[in-house]
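Reviewing the structure listed below.
A note on names: the letters A, B, ... follow the listed sequences, proteins ahead of strands, and every chain is numbered from 1.
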Amino acid sequence: QKEVEQNSGPLSVPEGAIASLNCTYSDRGSQSFFWYRQYSGKSPELIMFIYSNGDKEDGRFTAQLNKASQYVSLLIRDSQPSDSATYLCAVLYNFNKFYFGSGTKLNVKP
Amino acid sequence: EPEVTQTPSHQVTQMGQEVILRCVPISNHLYFYWYRQILGQKVEFLVSFYNNEISEKSEIFDDQFSVERPDGSNFTLKIRSTKLEDSAMYFCASSAGSQQETQYFGPGTRLLVL
């Protein structure tokens, strides 16, 4: 069983702060790593993906990957109340099989 | 903007009955997926489908489950004999390619087995 671990939270940050979300995975053969946002009762929505070591930036979001430590993170700069949601880490294995973490609930307080 | 659609949005069934959940993926996408999410739990991969055959399936996807692409647009998940523990939200997703390609999720079908 491939494990994807996330702190369930809730993580509370004030509006305008940086939110840092973390994820670890068990299988070194994992190929690509995805961050999804899921609002309550809704389907997951892709924020970004990363597959090379280092940082990848997209607007207010930065994904960081460290394959040696089997660790991927998501930074959200200038957090807004509308960012309040559950953030899901997903790992692609064997080119076509995805494993999701349980998600971290983020609360951004106005 | 193109989107994945799913029907029905809600389905209530009796234990032991067969259900078919329907999905219409985005039209030029080639890879199709089913996931389920039991209330309060993680999203779980069920199956991926490419070129009219299953490419990967999880341990959850046992003989009670089957998938089909009966025509050029629909992608279905059939549960032959539902159990109480099949109650969950079922999401369909599609992507243009595998790996780094964005998966677009449908809104889900909430299945309740009584």
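Atom CG of L114(B) has more than 12 heavy atoms from other residues, nucleotides or ligands within 6.0 Å. No more than 12 heavy atoms of other residues, nucleotides or ligands shown are found within 6.0 angstrom of CD on E3(B).
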Exercise for the section: Tell me, with the steps shown, if Q103(B) and F98(A) meet side chain to side chain contact (heavy atoms under 4.5 Å, CB included). Expected result: CA-CA 11 Å; Q103(B) 278 189 59; F98(A) 291 83; 2.8 Å; yes
Exercise for the section: Under the side chain to side chain contact (heavy atoms under 4.5 Å, CB included) rule, what do K57(B) and K97(A) come out as? Steps first, then yes or no, please. Expected result: CA-CA 7 Å; K57(B) 60 182 181 178; K97(A) 196 168 185 178; over 6 Å; no
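Note: F100(A) and Y35(B) have perpendicular aromatic rings, judged against thresholds of 30 and 60 degrees for the angle between ring planes.
Proximity to chain A (any heavy atom under 4.5 Å) is shown, for E44(B), by neither the backbone nor the side chain. If you measure heavy-atom distances from Y36(A) to chain B, the contacts under 4.5 Å come from the side chain alone. Only the side chain of Q38(A) comes within less than 4.5 Å of a heavy atom in chain B; its backbone stays farther off. The contact between F91(B) and chain A is made entirely by side chain atoms (from C-beta outward), counting heavy-atom distances below 4.5 Å.
The shortest heavy-atom contact between G101(A) and K42(B) is O-CB, 3.7 Å. Nearest approach of M89(B) to G41(A), heavy atoms of both residues: CE-O, 4.3 Å. The minimum heavy-atom distance linking P107(B) with S43(A) is given by the pair CA-OG, 4.1 Å.
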